[in-house]
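Counting from 1, the numbers follow the sequence of the chain as shown. Keep in mind that what you see is a predicted model, and the values were worked out from it rather than measured.
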Amino acid sequence: TELSNLKIGDYVSTSLLSASATSSASATPTSERRLPTLEELMAVPDKGYNCPEGTEFFDNIVLPENITHSNRKIPRVVHITAATRCVSKPVKNHLLRWKFPGHSLYLHDDT
C-alpha cells in the first residue's frame with residue numbers, strides 16, 4: 001500500500017490517511033501534512049510545568065543511542081503514557097521501577 005512506503009518526516013495526504021483508516025476511498029478534500037519525526041513526538045514541551053502541590057515533574061531518562069540501539073533490532077526504550085507529567089512521589093517511584101539498566105525511559109503525556 002501507499003502508506004507502507006512512508007517514512008517519518010514525509011508529507012502525506014490526509015485523504016490517504018482517512019481512506020486507509022476506513023478502508024474505502026473518501027470524497028473529502030485533500031490536504032497535505034507532514035508526519036512528525038520521532039524527536040518531535042518524544043520532545044518535552046519547553047513550556048514551564050507548574051505542578052500542583054504534592055506532585056513533581058517527571059522528566060524523560062534518555063541514554064545515548066549507542067547504548068539503547070547498539071546492534072539491536074529492538075531498541076532498549078521503555079515508553080509510558082500518563083495524563084500529565086506532574087505525579088505524586090509514590091507514582092514517580094513506581095515509574096522509576098520501569099527504568100532498567102541500559103534502557104531509556106520516556107513518559108508521554110496528554111499535552
Side-chain angles (χ1 to χ4, degrees):
T1 69
E2 290 181 64
L3 289 178
S4 63
N5 297 325
L6 292 175
K7 297 181 291 301
I8 292 174
D10 283 353
Y11 284 87
V12 63
S13 162
T14 54
S15 64
L16 176 62
L17 292 175
S18 63
S20 172
T22 61
S23 298
S24 65
S26 166
T28 58
T30 301
S31 63
E32 297 226 333
R33 68 179 178 95
R34 186 180 61 82
L35 296 175
T37 66
L38 188 57
E39 290 78 18
E40 290 169 336
L41 288 172
M42 296 189 320
V44 177
D46 289 336
K47 66 179 180 183
Y49 273 85
N50 295 318
C51 293
E53 187 174 334
T55 65
E56 52 189 277
F57 180 79
F58 187 90
D59 203 359
N60 294 329
I61 300 169
V62 182
L63 300 179
E65 283 194 14
N66 65 342
I67 294 173
T68 60
H69 292 66
S70 176
N71 299 318
R72 301 185 55 82
K73 290 185 178 181
I74 301 174
R76 293 180 177 151
V77 179
V78 177
H79 297 272
I80 300 173
T81 62
T84 179
R85 289 182 168 275
C86 298
V87 297
S88 66
K89 186 69 173 171
V91 170
K92 186 172 187 173
N93 289 338
H94 180 74
L95 291 173
L96 290 172
R97 292 177 62 195
W98 287 93
K99 173 60 184 107
F100 303 115
H103 288 67
S104 291
L105 176 63
Y106 290 94
L107 178 70
H108 303 275
D109 64 344
D110 290 346
T111 59

K.L.:
Just verifying a value: how many Å separate Tyr106 OH and Asp59 CG, rounded to the nearest 0.5 Å?
P.N.:
10.5 Å

K.L.:
Might you point out which heavy atoms bring Ser104 and Thr68 nearest each other, and give the distance in Å?
P.N.:
OG-CG2, 3.3 Å

K.L.:
With a cut-off of 3.5 Å and sequence neighbours excluded, list every side-chain donor-acceptor pair involving residues 89-98.
P.N.:
| unit_1 | atom_1 | unit_2 | atom_2 | d |
| --- | --- | --- | --- | --- |
| Lys92 | NZ | Glu56 | OE1 | 2.9 |
| Asn93 | ND2 | Lys89 | O | 3.4 |

K.L.:
Could you tell me which non-hydrogen atom of Leu63 sits nearest to which non-hydrogen atom of Lys99, and how far apart they are?
P.N.:
CD1-NZ, 3.7 Å

K.L.:
When rounded to the nearest 0.5 angstrom, what distance separates NE2 in His79 from CG in Leu107?
P.N.:
11.5 Å

K.L.:
Search all heavy atoms of Pro75 against all heavy atoms of Lys73 and return the closest pair with its distance.
P.N.:
CD-O, 3.8 Å

K.L.:
What about Ile80 and Ile61, same hydrophobic cluster or not, with Ile/Leu/Val/Met/Phe/Trp/Tyr joined at side-chain heavy-atom distances under 4.5 Å?
P.N.:
yes

K.L.:
Do Thr81 side-chain atoms and His108 backbone N/O form a donor-acceptor pair below 3.5 Å?
P.N.:
no

K.L.:
Would you sort out whether Val77 and His69 count as a side chain to side chain contact (heavy atoms under 4.5 Å, CB included), showing the intermediate values?
P.N.:
CA-CA 9 Å; Val77 179; His69 292 66; 4.2 Å; yes

K.L.:
Could you give the distance from CG (Asn71) to CG (Asn66), rounded to the nearest 0.5 Å?
P.N.:
10.5 Å

K.L.:
How long is the span from the CZ atom in Phe58 to the OG1 atom in Thr84, to the nearest 0.5 Å?
P.N.:
12.5 Å

K.L.:
Excluding sequence neighbours, so at least two apart, what forms side chain to side chain donor-acceptor pair (under 3.5 Å) with Asn60?
P.N.:
Arg85

